[in-house]
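Read the structure below first, then the notes.
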Amino acid sequence: MSYPLKNLKILDFTYLLPGPYGTMILADLGADIIKVENPNNPDMLRMLPPIVNGISAVYAHINRGKKSLALDLKSPEAKDIIYKLIKDYDIVIEQFRPGVLEKLGFGYNDLKNINSSIIYCSLSGYGQTGTYAQRAGHDINYMALSGVDSFSGKKTTGPSLHGIQIADIASGAKNMIIGILAAYIKRQSTGQGDHIDISITDGVFAMSAFTTAAYLEGETLPQPETQMLNGGGIYDYYATSDGRYLSVGPIEPKFFQSFCQAIGYTDILRNVDFSPETVQRHKKKIAAIIASQPLSHWITVFSNVDACIEPVRTLEEAVANPPLSERDMIVSITDDKGSKFKQIGNPIKFSSQNYIAQSAGVPLGYNNDEILQSIGYNEHTIKKLYKNSVIVKS
């Protein structure tokens with residue numbers, strides 16, 4: 001199998017979700033990735049249950065396709081190892097607070113002195129500059145500081161937590177990938193590397209284009225349930241009689257008409273008054289109609305109606321039914337012991353074939369010897385590094 005990104009060689013110093021998710025996508029597409037972990041403070045994903053065959057199922061998923069080098073970066077020997085690796089692994093991704101790797105001798109300028117064409121991506125919550133650069137943060141904080149949470153959720157209850165980490169993945173991981181691939185393409189034509197600064201908060205803010213573009217040009221300050229797409233219109237989730245939910249998204253007139261006719265509520269079609277008060281009155285009536293029947297009823301009603309209406313499925317239902325069940329979105333990946341893990345497939349589909357890494361994430365330091373031998377270390381030296389705890393294998 002000839003992978004699209006087979007020529008990318010990456011040193012990955014990231015941990016938890018944003019960076020590792022991004023490098024997982026790059027690994028699925030063929031990038032050669034060495035995950036460098038601190039043996040004294042390994043990636044916390046390794047501890048997440050369930051533990052299957054001695055490794056976290058979450059870690060095995062998010063870090064599939066990557067080699068593991070467990071290296072004490074504070075040791076004097078670490079510099080020699082990293083400096084040799086970056087002559088070949090010339091894309092570096094790190095997720096520490098600004099200045100951490102510089103203190104260890106692995107900052108952009110340090111590595112650029114050894115490999116002038118290096119691509120160095122710094123992924124952080126708030127970027128490499130500004131007064132927030134050194135602050136700790138997680139997905140909830142990035143969403144909050146971006147302003148997006150202020151006009152999300154409900155007026156009565158405020159912002160709500162999400163079932164996935166939107167900021168970490170949609171902003172952090174994916175902007176990281178875009179930046180790296182753009183720098184790689186640029187380097188192919190110019191020979192020059194670059195330092196990429198990815199702020200997760202910047203990325204979340206940039207995703208609010210619909211609302212923020214209007215606000216910047218004079219629209220009123222956005223609030224929850226005041227816009228068509230944030231609960232101020234018919235577009236919303238509605239409870240059914242059995243405690244399930246129906247997603248209702250008929251924005252376009254043709255879909256809206258089909259929706260109203262399907263539920264037997266056509267009053268709104270005869271009333272062109274779309275003032276907030278009128279919309280909310282109609283919304284309450286629609287909610288009552290939907291709440292009068294179980295979800296199965298509405299699935300049947302809308303099975304042949306093209307109106308942007310779909311059930312809110314459980315994860316079990318989503319996996320077992322179209323569209324996911326028809327899109328190779330559950331795959332079987334082999335671990336280092338030959339056992340199989342069920343994992344989420346690569347959502348990026350090519351007409352030539354589906355690309356995905358062939359190995360699950362490995363135990364800490366699993367590839368130490370292989371990696372060190374590739375840069376000239378002999379067996380005696382490697383044993384000495386183990387003895388001095390410069391490298392560790394679990």
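Throughout, residue positions are numbered sequentially from 1 according to the sequence presented.
- Distance CG/Leu246 to CD1/Ile290: 5.0 Å, rounded to 0.5 Å.
- Within the hydrophobic cluster formed by Ile, Leu, Val, Met, Phe, Trp and Tyr side chains joined at under 4.5 Å, directly or through other members, Met329 is accompanied by Leu324, Ile344.
- Going from atom CG of Asp43 over to atom CG of Asn63 covers 6.0 Å, rounded to the nearest 0.5 Å.
- Neither Val392 nor Ile34 shares a network with the other; the hydrophobic side chains, linked directly or stepwise wherever heavy atoms of I, L, V, M, F, W or Y lie under 4.5 Å apart, form separate groups for each.
- A side-chain donor from one of Asn115 and Ser117 sits under 3.5 Å from a side-chain acceptor of the other.
- A distance of 11.0 Å separates CD of Gln165 from CD1 of Ile200, quoted to the nearest 0.5 Å.
- Checking Lys35 against Thr23 by side-chain atom types alone, no donor-acceptor pair falls below 3.5 Å.
- Residue pairs meeting the ring-ring contact (aromatic ring centres under 6.0 Å, His included) criterion with at least one partner in residues 174-232, sequence neighbours excluded, are Tyr108-His195, Tyr120-His195.
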Determine whether Ser332 and Lys342 satisfy the following criterion, side-chain hydrogen bond (donor to acceptor under 3.5 Å, both in side chains), listing intermediate values before the conclusion.
CA-CA 5 Å; Ser332 182; Lys342 284 185 178 180; over 6 Å; no

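- We find that Glu277 and Arg281 are not joined by a salt bridge, their nearest charged nitrogen and carboxylate oxygen being 4.0 Å or further apart.
- Residues passing the ring-ring contact (aromatic ring centres under 6.0 Å, His included) test with Tyr265, sequence neighbours excluded: His282.
- Ion pairing between a basic and an acidic side chain is recognised when a charged N comes within 4.0 Å of a carboxylate O; Lys283 and Glu225 show no such pairing.
- No more than 12 heavy atoms of other residues, nucleotides or ligands sit less than 6.0 Å from atom CD1 of Ile140.
- A heavy-atom distance below 4.5 Å is found between the side chains of Asp90 and Arg187.
- Residues Arg64 and Asp28 have side chains in contact (heavy-atom distance under 4.5 Å, counting atoms from C-beta outward).
- The minimum heavy-atom distance between Asp110 and Glu102, with the atom names listed, is OD2-O, 3.9 Å.
- Remark: Lys67 pairs with Asp32, Glu370 by the salt bridge (Lys or Arg N to Asp or Glu O under 4.0 Å) rule, at least two apart or across chains.
- Clustering ILVMFWY residues whenever any of their side-chain heavy atoms sit less than 4.5 angstrom apart, transitively, puts Phe13 in a cluster other than the one holding Ile91.
- Atom CG of Leu69 and atom CG of Asn367 lie 8.5 Å apart (nearest 0.5 Å).
- Heavy atoms of other residues, nucleotides or ligands lying less than 6.0 angstrom from NZ of Lys337 number more than 12.
- No donor-acceptor pair closer than 3.5 Å links the side chain of Asp168 to the backbone N or O of His138.
- At a threshold of 4.5 Å between non-hydrogen side-chain atoms, the residues Ser75 and Asn388 do not count as touching.
- When atom types are taken as modelled, the side chain of Ser189 and the backbone of Lys186 share a donor-acceptor pair closer than 3.5 angstrom.
- Under the 4.5 Å side-chain heavy-atom criterion for Ile, Leu, Val, Met, Phe, Trp and Tyr, Val92 and Ile371 are members of the same hydrophobic cluster.
- Across every non-hydrogen atom of Gly232 and Gln280, the tightest pair is O-NE2, 3.3 Å.
- Residue Gln261 qualifies as enclosed at atom CD: its count of foreign heavy atoms under 6.0 Å is above 12.
- The CE atom of Met207 sits 7.5 Å away from atom CG of Asn175, with the distance rounded to the nearest 0.5 Å.
- With respect to Asp369 and Lys393, a salt bridge is recorded, a charged nitrogen being found less than 4.0 Å from a carboxylate O.
- For residues 333-358, every residue pair satisfying the ring-ring contact (aromatic ring centres under 6.0 Å, His included) rule, not counting sequence neighbours, is listed here: Tyr3-Tyr355, Phe350-Tyr355.
- Counting heavy atoms from C-beta outward, Thr381 and Leu372 have side chains that stay 4.5 Å or more apart.
- Atoms CG and CD, on Asp12 and Glu37 in that order, are 9.0 Å from each other to the nearest 0.5 Å.
- One N or O on the side chain of Ser56 and one on the backbone of Leu48 form a donor-acceptor pair closer than 3.5 Å.
- Taking each heavy atom of Ser199 and Asp202 in turn, the nearest pair found is OG-N, 3.0 Å.
- Residue pairs meeting the ring-ring contact (aromatic ring centres under 6.0 Å, His included) criterion with at least one partner in residues 374-394, sequence neighbours excluded, are absent.
- Within the 4.5 Å cutoff, side-chain heavy atoms of Leu145 are placed close to those of Tyr132.
- Val148 and Ile164 fall within the same hydrophobic cluster, defined by Ile, Leu, Val, Met, Phe, Trp and Tyr side-chain heavy atoms under 4.5 Å apart, directly or through other members.
- Nearest approach of Cys308 to Phe255, heavy atoms of both residues: SG-CD1, 3.6 Å.
- The minimum heavy-atom distance between Pro39 and Ala70, with the atom names listed, is CD-C, 4.1 Å.
- Thr266 places no side-chain N or O within 3.5 Å of a backbone atom of Leu269 that could act as its donor or acceptor partner.
- Judged purely by atom type and a 3.5 angstrom limit, Asn230 uses its side chain to pair as donor or acceptor with the backbone of Thr226.
- Taking 4.5 Å as the limit, every side-chain heavy atom of Ser359 sits out of range of all side-chain heavy atoms of Asp336.
- Within the 4.5 Å cutoff, no side-chain heavy atoms of Ile10 are placed close to those of Lys66.
- Put simply, the side chain of Asn38 never gets that close to the backbone of Asp72: no donor and acceptor are under 3.5 Å apart.
- Not a single donor-acceptor pair under 3.5 Å links the side chain of Asp335 to the backbone N or O of Ala360.
- Asp149 and Ser152 share no side-chain donor-acceptor pair at under 3.5 Å.
- Put simply, the side chain of Gln343 gets close to the backbone of Ala60: a donor and an acceptor are under 3.5 Å apart.
- Ile93 and Tyr59 fall within a single hydrophobic cluster, where Ile, Leu, Val, Met, Phe, Trp and Tyr are joined by side-chain heavy atoms under 4.5 Å apart, directly or via other members.
- Not one N or O on the side chain of Thr201 forms a donor-acceptor pair closer than 3.5 Å with the backbone of Ser146.
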Could you walk me through whether Glu77 and Lys384 satisfy the salt bridge (Lys or Arg N to Asp or Glu O under 4.0 Å) test, starting with their C-alpha distance in whole Å, then the side-chain angles of each, then the deciding distance to 0.1 Å, before giving a yes or no?
CA-CA 11 Å; Glu77 297 89 343; Lys384 186 176 179 181; over 6 Å; no

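- Within the 3.5 Å criterion, the main-chain N or O of Thr240 finds no donor-acceptor partner in the side chain of Gln293.
- When only modelled atom types and interatomic distance are considered, Glu94 and Ser122 share a side-chain donor-acceptor pair under 3.5 Å.
- Looking at Ser208 and Thr211, their side chains never bring a donor and an acceptor atom within 3.5 Å of each other.
- Taking the side chain as every heavy atom from C-beta outward, Asp328 and Lys349 approach each other to under 4.5 Å.
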